[in-house]
Amino acid sequence: MNGIAIAFIATLSGSCGDRPSPPSTSDNPPDTVTILGSITGEGQDTIEAIFQPFTEATGIQVIYEGTDAFATLLPVRVEAGNAPDLALFPQPGLMADLARSGDLIPLDSVVSKDQLTAAYGDEWLQLGTVDNAPYGLWARADLKSLVWYRPDVFSEKGYDIPATWEEMLALSDQMAADGTPPWCIGIESGAATGWVGTDWIEDILLRTSGPDVYDQWVQHEIPFTSPEIVEAFQQFGAIALNPDYVYGGSVGIISTPFGDAPLPLFTDPPGCYLHRQTNFIATFFPDDVVVGEDVDVFLLPPIDPEFGTPLLVAGTAFAMLNDREEVRAVVEYLLTPEPHEIWVSQENYISPHQQVSLDAYADPFMRTQAELLANAETIRFDGSDLMPGAVGTGTFWTGIVDYVGGTDTETVLERIEESWPKDNP
C-alpha cells in the first residue's frame with residue numbers, strides 16, 4: 001500500500017491531461033485536503049477511517065466535514081471563494097450545476113481515461129459526466145428496485161416469489177383475499193415527502209417503456225403529460241389507490257413516515273407482506289430482525305419482457321473543486337479499490353467501483369446486493385434527482401401526494417409539466 005500511495009504524488013504530473021484547470025481558491029494549509037458532504041454521525045466516522053491508510057502512506061491529512069445543510073452551504077462557500085477541495089454529492093443535480101458554472105475540475109484533466117474506465121463501468125461514468133466531461137467519482141450506490149418480504153410468512157402461506165408483474169398482482173390479489181393487505185407504503189418524509197412515490201413511477205416507467213424513453217423523460221425531451229408517463233402513474237395507482245392492497249389505504253400512504261412504513265411486516269400477525277424500498281430501509285427495521293434471514297428481497301418484476309428487469313439506483317459521488325497535488329493524490333486513491341473495500345467492510349453499503357471484491361463485504365446480504373448491481377443489464381439513476389430542483393424535488397414530489405390524495409392523473413401531470421423551468425428545456 002505505501003509504495004502505491006506514495007506513487008500517486010510522484011506520478012501526478014504524468015496523469016494530467018492537456019486541459020488547463022482553474023486555479024485553487026483553497027486556503028487550506030499544505031498537506032491537508034478538505035471534503036464537504038452530507039453524511040454525518042457514524043457515517044462520518046467511516047469516511048474518516050477510509051483515509052487513514054492514505055494519510056499514513058503520504059502524510060496528507062484528509063479532513064471531512066459533514067453537514068445537514070450541504071445543498072445550501074456548498075454553493076455559499078463556492079461563491080465566497082472558500083470551497084472545499086472535494087465535495088461528496090448526495091445528488092448529481094447540484095454537481096452538474098457547479099460543473100456548468102466552471103466551479104468543478106474535470107476528472108480527465110487529472111487522471112487518465114484508462115484509470116476511470118478501470119474503476120467504473122460505462123453507465124456509472126456517464127452518470128458522473130456533464131456536457132461530455134467526467135466530474136463524478138462514485139462512492140456509494142443504493143438499490144431502489146427491491147421488494148422486501150418475510151420468507152417464513154411466504155413459506156407458511158404457500159406464496160411464491162413472482163417472476164412477472166402479472167404474477168405480482170395475482171399474488172397481491174391472493175393476499176388480499178386471504179385477509180391481509182399485501183403492501184405497506186409510506187411516503188411522508190418531511191420536506192422531502194413524496195420521493196418514495198416518485199421512485200415507484202421511475203421503476204415502473206423503466207419496465208413499461210424502457211431506458212431510452214426514461215432518458216428522454218428525465219432530459220425533458222418528452223413531457224410529463226406523455227402517454228408513457230400517464231401509463232406509469234396508472235400502474236402505480238393500480239396498487240397504491242386500491243384500498244384492498246395497501247395497509248392504511250391512501251391516508252396511510254400519505255401520513256406514514258417512510259422509515260415506519262415497513263414495520264407492519266414484522267408484527268404478529270403481519271399487517272402486510274410486501275414493501276418496495278431501497279436497501280437502506282433495513283436501518284429502520286426492528287433491532288432483532290436479521291436481514292437475509294428474517295426478511296429478504298426480490299427485484300421488482302418486469303412488466304414488458306422487452307425491457308427485462310432494470311435496476312433503479314441512487315448514490316453519492318465525489319467531485320473536485322480545487323486543483324492541487326494533494327487533492328489529485330486523494331482522487332487517485334479514490335480510484336483504487338482500497339478505500340471502497342474499507343467502506344463496504346464497515347457499513348450497510350454498496351460500492352459501484354467495479355474492482356471491489358465481493359469478499360470485502362462483511363455482510364452476506366450486502367454482498368448479494370452488490371452482485372445484483374454488478375450483474376444488472378440496465379441501470380438508471382433516480383430520475384427526480386437528475387431533474388431541475390423545481391420539478392424533481394418539487395412538483396414531482398408534491399404531485400405524488402396529490403395523486404395519492406385523489407387528484408386525477410391529467411391534472412397532476414399538467415401541473416408538473418407547467419413547473420419545468422423555461423430556461424432549462
Side-chain angles (χ1 to χ4, degrees), residues 37-39 47 50 86-96 98-99 104-146 199 202-203 206 210-212 214-215 218-219 278-280 299 308-320 330-344 347 349-358 360-361 366-387 392:
S38 62
I39 298 173
I47 293 175
I50 73 170
L86 295 159
L88 182 55
F89 288 87
Q91 295 172 325
L94 177 57
M95 182 178 71
L98 291 176
L104 299 185
I105 312 298
L107 292 176
D108 58 359
S109 70
V110 175
V111 296
S112 69
K113 181 178 179 181
D114 288 343
Q115 286 174 285
L116 292 171
T117 57
Y120 298 100
D122 289 342
E123 288 182 310
W124 285 99
L125 287 176
Q126 187 59 39
L127 285 172
T129 295
V130 180
D131 298 336
N132 299 316
Y135 291 93
L137 195 160
W138 290 95
R140 174 177 183 146
D142 292 311
L143 311 191
K144 296 202 164 198
S145 307
L146 305 178
D199 284 358
E202 292 156 5
D203 247 335
L206 283 170
D212 291 342
Y214 183 91
D215 294 341
V218 168
Q219 296 162 15
T278 183
N279 54 274
F280 66 65
L299 285 177
T309 309
L311 194 58
L312 184 69
V313 302
T316 56
F318 289 99
M320 186 176 174
V330 171
V331 168
E332 295 219 14
Y333 175 63
L334 288 170
L335 282 170
T336 72
E338 180 170 5
H340 303 269
E341 291 184 343
I342 296 173
W343 214 330
V344 302
E347 278 195 345
Y349 180 92
I350 301 171
S351 173
H353 194 295
Q354 61 188 3
Q355 294 179 23
V356 171
S357 169
L358 292 175
Y361 288 83
M366 297 309 296
R367 189 181 308 129
T368 300
Q369 304 311 296
E371 286 186 275
L372 288 175
L373 179 63
N375 296 329
E377 293 184 3
T378 300
I379 298 172
R380 285 298 183 273
F381 204 88
D382 183 329
S384 64
D385 285 348
L386 298 172
M387 295 175 182

Exercise. Would you name the heavy atoms of L116 and P134 that are closest together and state the gap between them?
Key: CD1-CG, 4.0 Å

Quiz item: With D131, which residues qualify under side chain to side chain donor-acceptor pair (under 3.5 Å), at least two apart?
Solution: R100

Quiz item: At what distance, to the nearest 0.5 angstrom, does CD1 of I50 lie from CD1 of I342?
Solution: 7.0 Å

Exercise. With the side chain counted from C-beta on, respond yes when M366 and I350 share a heavy-atom pair under 4.5 Å apart, and no when they do not.
Key: yes

Quiz item: So, do W124 and L373 sit near enough that their side-chain heavy atoms are less than 4.5 Å apart?
Solution: yes

Quiz item: Is there side-chain contact between Q219 and D215, with heavy atoms separated by less than 4.5 Å?
Solution: yes

Practice problem: Could you tell me which non-hydrogen atom of R380 sits nearest to which non-hydrogen atom of L206, and how far apart they are? | Solution: CG-CD2, 3.7 Å

Quiz item: Can any side-chain N or O of T278 pair as donor or acceptor with the backbone N or O of L143 at less than 3.5 Å?
Solution: yes

Quiz item: Nearest heavy-atom pair of A87 and F89: which atoms, and what distance?
Solution: CB-CE1, 3.5 Å

Quiz item: Can you tell me how far the CG atom of D108 sits from the CG atom of L125, to the nearest 0.5 Å?
Solution: 11.0 Å

Practice problem: Sequence neighbours left out, what passes ring pair (Phe, Tyr, Trp, His ring centres under 6.0 Å) with H340? Give chain and number order. | Solution: H353

Quiz item: Roughly how far, to the nearest 0.5 Å, is the CG atom of L372 from the CG atom of L299?
Solution: 5.0 Å

Practice problem: Please examine the side chains of W138 and V313, heavy atoms only from C-beta on, and report whether any two atoms are closer than 4.5 Å. | Solution: no

Practice problem: Taking R367 for its side chain and L358 for its backbone only, find out whether a donor-acceptor pair lies under 3.5 Å. | Solution: yes

Quiz item: Distance-only, no hydrogens or angles: does the Q354 side chain make a donor-acceptor pair with backbone N or O of T117 under 3.5 Å?
Solution: yes

Quiz item: Quick one: NZ on K144 to CZ on F280, what's the gap to the nearest 0.5 Å?
Solution: 6.0 Å

Self-check item: I105 CD1 to L98 CG distance, which is reported to the nearest 0.5 Å
Solution: 11.5 Å

Quiz prompt | Closest approach of F381 to P92 (non-hydrogen atoms, all atoms of both residues) | solution = CE2-CD, 3.4 Å

Exercise. Indicate yes or no: at least one non-hydrogen side-chain atom of V356 is less than 4.5 angstrom from one of Y361.
Key: yes

Quiz item: Minimum heavy-atom separation for A376 to I379, with atom names?
Solution: CB-CG1, 3.8 Å

Exercise. Answer yes or no: is there a donor N or O on one side and an acceptor on the other, between the side chain of S145 and the main chain of L312, under 3.5 Å?
Key: yes

Practice problem: Find the distance between CD (E341) and OG (S357) and round it off to the nearest 0.5 Å. | Solution: 6.0 Å

Quiz item: Between D382 and D142, is a side-chain contact (heavy atoms from CB on, under 4.5 Å) present by the stated rule, with each step listed?
Solution: CA-CA 10 Å; D382 183 329; D142 292 311; over 6 Å; no

Exercise. Answer whether the closest heavy-atom distance between the side chains of W343 and S351 falls below 4.5 Å.
Key: no

Practice problem: Mind listing the closest non-hydrogen atom pair of V111 and E332 along with its distance? | Solution: CG1-CG, 3.9 Å

